[in-house]
Structures are given as C-alpha cells and as structure tokens.
**Student:** 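For reference, the structure I am asking about is given below.
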Protein chains: 2
Amino acid sequence: MNNFTDELRRHNLKATPQRLAISSALHNYGHVSIDTLYEMMLGEFASISLATIYKNINIMLENSYIQEVKIPQNKTVYELTKSSHSHLVCVDCKSVEDVSVDVDEIVNKLNLDDTFLISKADLVISGVCKNCN
Amino acid sequence: MNNFTDELRRHNLKATPQRLAISSALHNYGHVSIDTLYEMMLGEFASISLATIYKNINIMLENSYIQEVKIPQNKTVYELTKSSHSHLVCVDCKSVEDVSVDVDEIVNKLNLDDTFLISKADLVISGVCKNCN
DNA sequence: GATTAAAGGATAAAGATTATATTTTAAGTT
DNA sequence: AACTTAAAATATAATCTTTATCCTTTAATC
C-alpha cells in the first residue's frame with residue numbers, strides 16, 4: 001500500500017490532491033521532468049496551474065520529500081526520496097534508471113587526507129541502454 | 001605558455017579575441033557560470049553581447065573544447081576540457097574544485113553484469129570546504 | 001589585399017521560473 | 001459536523017534565461 005498522505009505529512013507537507021498525484025506520478029514513472037509532470041497532471045486536473053507544479057516541486061525538495069537529478073545535456077528530473085543510489089542515463093532515449101553503487105567507499109578514501117567535509121555524492125553514469133543498442 | 005589560439009583551432013573553432021578571453025577566464029578561474037563569465041568579459045569587451053557568450057559556450061561544448069558541470073541546487077559551471085576528474089562543491093561558498101577519483105574502477109564493476117554501454121560518469125561531491133568551516 | 005564563411009552585436013522572441021493577488025481547501029478546533 | 005485559519009491552488013503578470021534573427025564585422029585562406 002502506498003500511503004502518500006502519511007508520507008507527505010511526515011515531511012510537513014499538507015496532503016492535497018495535487019500533491020498526492022505528483023507523488024503517484026513520481027512513484028509510477030520513477031524520474032520525471034517538470035514539463036512531463038505538468039502534462040501528466042493535466043490529465044487528472046484539467047485546470048492545474050504550472051505554478052502549482054513549480055511551487056510543489058520546490059517545497060518538496062526543501063522538505064526532502066523528493067530529490068532532483070541533474071542530467072548532462074538534458075532536463076532535470078525528480079524522484080521520490082529513497083535510500084542512496086546512483087543513476088544510469090541513456091544518451092539516446094534519455095531514460096533514467098537507479099543503480100546501486102558504493103560511492104561512499106570511494107568517497108571515504110578522499111575524506112582522510114582532506115579537510116573538505118563531505119555531505120553527499122551524486123554520480124550520474126551516461127551511456128546507451130539495452131533498448132537502444 | 002598558453003596557446004589558446006592553437007587549442008581552439010585544434011577543436012575546429014576560429015580563434016577570435018572573445019574566444020581567447022573565454023579561454024583565459026576558464027583557465028584562470030577553473031569553473032565559471034554563464035553570468036559571471038559575462039561579467040568578466042564585459043571588463044575586456046565593453047560591448048560584448050550575452051548572445052555571444054551563449055553561442056560560444058554551446059559550440060565549445062559541441063566541439064568538446066569545454067565541459068559543463070551541473071551543480072546540485074546551483075548554476076551550471078563550465079571548465080576547459082582536461083583529463084577525467086570529479087568535483088568538490090562547497091554548499092556554503094559554492095566554490096568548485098577538481099578532485100581525482102577513480103570512478104572508472106567502480107563503474108567497471110557494474111559493466112560486467114549489465115547491458116548498459118557506459119560512456120562516461122559524472123561525480124559531484126557536495127560538502128563544506130576548508131575555508132567555510 | 002581580396003574573398004568568404006563564420007562570428008559578433010543588437011534586439012526580438014521564446015522558454016523557464018518566480019511573484020502577486022485572489023479564491024479555495026486541508027486540518028485542527030470547537 | 002460546522003467553524004476557523006493558515007496554507008495551497010489558480011490565474012496571470014513579471015522576471016529571468018536561452019535561443020533566433022538580422023545585419024555588421026572579421027578570421028582564415030588564397
């Protein structure tokens with residue numbers, strides 16, 4: 001069961017119908033850009049405002065309910081917050097998928113001889129997915 | 001000696017004064033956003049057009065003379081193309097510095113049991129730099 | 001030095017994001 | 001269950017950001 005209502009409230013976000021729909025869209029499609037999200041939402045809320053999308057994406061980011069993923073040469077996509085992982089991006093079809101990589105292991109080696117206090121590490125791997133070759 | 005003229009031509013780019021200045025700016029400052037680059041350039045070319053900055057950044061990217069670095073929560077910066085490396089970004093002062101990380105090592109492990117053909121891997125490490133803590 | 005395709009500059013156009021004002025509503029309270 | 005209120009949604013304007021267009025200038029070749 002996906003109780004997005006509770007999950008939203010846990011992040012200090014009111015559970016509005018629009019936010020529940022955004023949650024479902026991110027859950028079902030994994031990684032979605034602002035404009036495809038807007039298109040999706042228009043199906044369910046014919047009169048939704050694009051400003052609503054932006055405002056919600058921004059507050060959801062602030063409250064760590066979602067995460068942004070910046071894609072090389074392409075639009076930023078958003079995903080529901082989950083345990084640490086990296087991303088595979090197809091340069092052909094632009095699809096994004098999660099992949100488990102032990103980034104911490106590599107990053108921790110650096111930390112030893114460095115005064116930089118690491119908080120996170122974002123790894124985006126580009127290439128051609130199995131459907132595109 | 002920094003012969004940006006030859007380096008530009010090697011990438012099929014005409015060596016104009018504006019492009020030489022962009023080259024110097026990236027070389028001297030390492031990582032620069034569009035608008036700070038524009039401000040820098042205005043010092044040298046009082047009447048330079050912002051469109052010139054954009055057009056040059058785009059063609060320099062296409063010809064791999066420069067690389068983009070997408071920063072979490074912040075503006076994209078650009079750097080001269082050099083050997084593979086990762087980036088440290090300070091969430092406080094926003095400074096960006098290069099760091100040598102053996103990303104290939106980790107990424108190659110994935111390649112084995114995956115049909116995804118990897119072409120590159122971008123790693124951006126966020127945290128607080130030594131000047132900011 | 002002459003030729004020409006490419007680049008620069010000025011500005012308009014298009015796209016993306018944020019701000020403002022008003023209406024609506026989720027969530028807590030009575 | 002209706003009442004209250006701060007927050008959210010909507011519509012739209014305003015503000016960036018980026019690209020396109022048109023005309024002028026120039027780097028590179030001969």
Side-chain angles (χ1 to χ4, degrees), chain A residues 3-26 32-63 65-66 68-78 94, chain B residues 3-26 32-63 65-66 68-78 94:
Chain A
N3 196 336
F4 294 124
T5 297
D6 290 353
E7 202 57 35
L8 282 163
R9 289 178 182 155
R10 229 168 267 138
H11 288 84
N12 298 310
L13 296 166
K14 272 195 185 179
T16 68
Q18 292 86 345
R19 287 175 180 176
L20 292 171
I22 290 174
S23 302
S24 297
L26 296 190
V32 187
S33 66
I34 292 280
D35 50 338
T36 60
L37 182 59
Y38 181 48
E39 285 167 30
M40 287 170 170
M41 298 287 288
L42 279 174
E44 207 169 335
F45 302 87
S47 72
I48 196 172
S49 170
L50 184 54
T52 299
I53 306 287
Y54 277 103
K55 278 187 295 187
N56 279 322
I57 288 294
N58 285 333
I59 197 173
M60 286 173 168
L61 280 172
E62 283 165 26
N63 293 17
Y65 179 69
I66 64 173
E68 67 169 15
V69 185
K70 291 201 170 185
I71 309 293
Q73 326 285 354
N74 267 93
K75 288 180 182 156
T76 297
V77 295
Y78 302 89
K94 317 299 181 198
Chain B
N3 196 336
F4 294 124
T5 297
D6 289 353
E7 203 57 36
L8 283 163
R9 290 179 182 157
R10 229 169 265 136
H11 289 83
N12 297 312
L13 296 166
K14 273 193 186 180
T16 68
Q18 291 85 348
R19 288 178 179 174
L20 292 170
I22 291 174
S23 302
S24 296
L26 296 189
V32 187
S33 68
I34 292 280
D35 49 336
T36 59
L37 182 59
Y38 182 47
E39 284 167 29
M40 288 172 170
M41 296 287 288
L42 279 174
E44 206 169 336
F45 300 87
S47 72
I48 195 171
S49 172
L50 184 53
T52 299
I53 306 287
Y54 277 103
K55 280 187 290 189
N56 279 322
I57 288 294
N58 285 333
I59 197 172
M60 285 172 167
L61 280 172
E62 284 166 26
N63 294 15
Y65 179 70
I66 65 174
E68 68 169 14
V69 185
K70 291 200 170 184
I71 309 293
Q73 326 285 355
N74 267 94
K75 288 180 183 155
T76 297
V77 296
Y78 301 89
K94 317 300 180 197

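Values below: every heavy atom of this structure, side chains too, minus hydrogens, waters and symmetry copies. We name chains A, B, ... by the order of the sequence lines, and we start the count at 1 in each one.
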**Student:** Closest approach of Val77(A) and Ser33(A), non-hydrogen atoms and distance?
**Tutor:** CG1-N, 3.9 Å
**Student:** Starting at CD1 of Ile22(B) and ending at P of dA7(C), how long is that distance when rounded to a whole Å?
**Tutor:** 12 Å
**Student:** Without decimals, in angstroms, what is the distance between Ile34(B) CD1 and dT18(D) P?
**Tutor:** 6 Å
**Student:** Please report the distance, rounded to the nearest Å, between CG in Leu8(A) and P in dT25(C).
**Tutor:** 18 Å
**Student:** Distance check needed: dA7(D) C1' versus Met60(A) CE, whole Å only.
**Tutor:** 14 Å
**Student:** Which value, rounded to the nearest 0.5 Å, describes the distance between Leu37(B) atom CG and Leu50(B) atom CG?
**Tutor:** 9.5 Å
**Student:** Mind checking if Asp35(B) touches a base, just sugar-phosphate, or nothing, with heavy atoms under 4.0 Å?
**Tutor:** nothing
**Student:** Tell me: NE2 of His11(B) to C1' of dA6(C), nearest whole Å?
**Tutor:** 19 Å
**Student:** Compare side-chain N and O positions of Gln18(A) against OP1 and OP2 of dT25(C) and report whether any pair is under 4.0 Å apart.
**Tutor:** no
**Student:** Donor-acceptor pair, Arg19(A) side chain versus Leu8(A) backbone, under 3.5 Å?
**Tutor:** no
**Student:** Would you check if the side chain of Ser24(B) reaches a backbone N or O of Leu20(B) as a donor-acceptor pair within less than 3.5 Å?
**Tutor:** yes
**Student:** Starting from P on dA5(C), measure out to CG on Asn12(B) and report it in whole angstrom.
**Tutor:** 17 Å
**Student:** Show me the protein contacts with nucleotides 26-28 of chain D, counting only N or O atoms at under 3.5 Å.
**Tutor:**
| unit_1 | atom_1 | unit_2 | atom_2 | d |
| --- | --- | --- | --- | --- |
| dA28(D) | OP1 | Arg9(B) | NE | 3.0 |
| dA28(D) | OP1 | Arg9(B) | NH2 | 3.1 |
| dA28(D) | OP1 | Ala15(B) | N | 3.0 |
| dA28(D) | OP2 | Arg9(B) | NH2 | 2.5 |

**Student:** To check you understand the geometry: which heavy-atom pair defines the closest contact between Val32(A) and Ala25(A), and what is its length?
**Tutor:** CG2-O, 4.1 Å
**Student:** Verify side chain to side chain contact (heavy atoms under 4.5 Å, CB included) between Val69(A) and Thr76(A), making sure each step is shown before the conclusion.
**Tutor:** CA-CA 6 Å; Val69(A) 185; Thr76(A) 297; 5.8 Å; no
**Student:** Can you name the closest pair of heavy atoms from Lys70(A) and Ile71(B) and give their distance?
**Tutor:** NZ-O, 2.8 Å
**Student:** I want to check something: taking the side chain as every heavy atom from C-beta on, are Ile48(A) and Tyr38(A) in contact at a cut-off of under 4.5 Å?
**Tutor:** yes
**Student:** What pair of heavy atoms forms the shortest contact from Glu68(A) to Pro72(B), and how long is it?
**Tutor:** OE2-CA, 3.4 Å
**Student:** Enumerate the residues from residues 46-56 of chain B whose closest heavy atom to DNA chain C is under 4.0 Å, giving them by residue number; use none for an empty result.
**Tutor:** Ser47(B), Ile48(B), Ser49(B), Ala51(B), Thr52(B), Lys55(B), Asn56(B)
**Student:** Taking 4.0 Å as the cut-off, does a side-chain nitrogen or oxygen of Asn58(B) come that near to OP1 or OP2 on dT19(D)?
**Tutor:** yes
**Student:** Expressed in angstrom and rounded to an integer, what is the separation of Phe45(B) atom CZ from dA7(C) atom P?
**Tutor:** 15 Å
**Student:** Nearest-Å distance, CD1 (Ile59(B)) to C1' (dA5(C))?
**Tutor:** 12 Å
